[in-house]
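Note sheet for the following structure.
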Amino acid sequence: AQRVTQPEKLLSVFKGAPVELKCNYSYSGSPELFWYVQYSRQRLQLLLRHISRESIKGFTADLNKGETSFHLKKPFAQEEDSAMYYCALSFSDKLIFGTGTRLQVFP
Amino acid sequence: DVKVTQSSRYLVKRTGEKVFLECVQDMDHENMFWYRQDPGLGLRLIYFSYDVKMKEKGDIPEGYSVSREKKERFSLILESASTNQTSMYLCASSLSYVEAFFGQGTRLTVV
């Protein structure tokens with residue numbers, strides 16, 4: 001069955017430290033993967049998608065088909081990165097999400 | 001600028017009531033989704049629709065139904081509300097395999 005796994009519920013780092021939010025997926029076809037972010041009191045919004053291969057707000061994510069992973073990385077965390085991050089998989093018009101990781105960046 | 005609108009931010013309903021949550025999008029998207037968002041459980045797909053009058057069950061459809069009579073509107077119906085349906089409900093719309101846009105959410109409390 002298709003599934004998205006985010007093993008960490010909470011990740012706490014200090015400002016300036018590197019960040020890696022883990023995401024693993026289960027899908028037999030060619031995956032379409034996304035990272036969505038929800039800042040406090042705001043709507044869920046797209047952060048980045050693997051096919052565009054862009055860097056948004058300093059975040060990048062590389063699809064590793066061998067390890068079925070799509071980890072989100074940022075070399076230097078900022079306080080404004082504190083938010084809830086969701087990894088998502090799109091297939092057959094469906095869009096499913098992982099359980100999310102709350103990132104806390106301390107000053 | 002608002003693209004996906006949910007009819008209510010907060011709702012309080014009694015156990016056993018029939019509840020309607022409405023969602024409207026103005027982007028002419030084929031796909032629309034209803035999720036519930038619970039702490040520690042993430043977003044769980046209840047139902048989605050890929051065209052007018054077309055719907056498919058998601059991962060947790062029990063106790064819910066949906067209606068899509070027009071392309072821009074997707075309604076979630078709780079046939080007989082129960083306390084375990086107290087949650088945040090999110091609506092979204094998208095074109096296939098591209099960005100999904102979310103509504104602001106409806107926090108439903110069933111008492």
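As the structure is a computational prediction, the values presented were derived from the model and not from experiment. Order of the sequence lines sets the chain letters (A, B, ...), proteins ahead of strands, with each chain counted from 1.
In the hydrophobic cluster analysis, where Ile, Leu, Val, Met, Phe, Trp and Tyr join through side-chain heavy atoms closer than 4.5 angstrom, A/V13 is grouped together with A/W35. Residues B/F74 and B/F101 do not share a hydrophobic cluster, defined by chaining ILVMFWY side chains whose heavy atoms lie under 4.5 Å apart. The cluster map of Ile, Leu, Val, Met, Phe, Trp and Tyr, joined by side-chain heavy atoms under 4.5 Å apart, puts A/F97 and B/Y89 in different clusters. Note on B/F33 and A/M84: same hydrophobic cluster, where clusters join Ile, Leu, Val, Met, Phe, Trp and Tyr whose side-chain heavy atoms are under 4.5 Å apart, directly or indirectly. A/L21 and A/L89 end up in the same hydrophobic cluster when Ile, Leu, Val, Met, Phe, Trp and Tyr side chains are linked at under 4.5 Å.
In plain terms, the two heavy atoms of A/L95 and B/Y35 that are nearest each other are O-OH, 2.5 Å.
By number of non-hydrogen pairs under 4.5 angstrom with chain B, the leading residue of A/L46, A/L44, A/V4 is A/L44.
For A/E67, the CD atom counts as loosely surrounded, since its 6.0 Å shell holds 12 or fewer non-hydrogen atoms of other residues, nucleotides or ligands. Residue A/Y39 places its OH atom among more than 12 non-hydrogen atoms of other residues, nucleotides or ligands, all under 6.0 Å distant.
At a heavy-atom separation below 4.5 angstrom, chain A is approached by B/G40, B/L41, B/G42, B/L43, B/L45, B/F48, B/Y50, B/K57, B/D59 within residues 40-71 of chain B.
The CG atom of A/L48 sits 11.0 Å away from the CD atom of B/E99 when rounded to the nearest 0.5 Å. The distance from the CZ atom of A/R43 to the CG atom of B/L90 is 10.0 Å, given to the nearest 0.5 Å.
In this structure, chain B has no heavy atom under 4.5 Å from any part of A/Q2. For a residue to count as touching a neighbouring chain, one of its non-hydrogen atoms must lie under 4.5 Å from one of that chain's; by this rule B/Q37 touches chain A with the side chain only.
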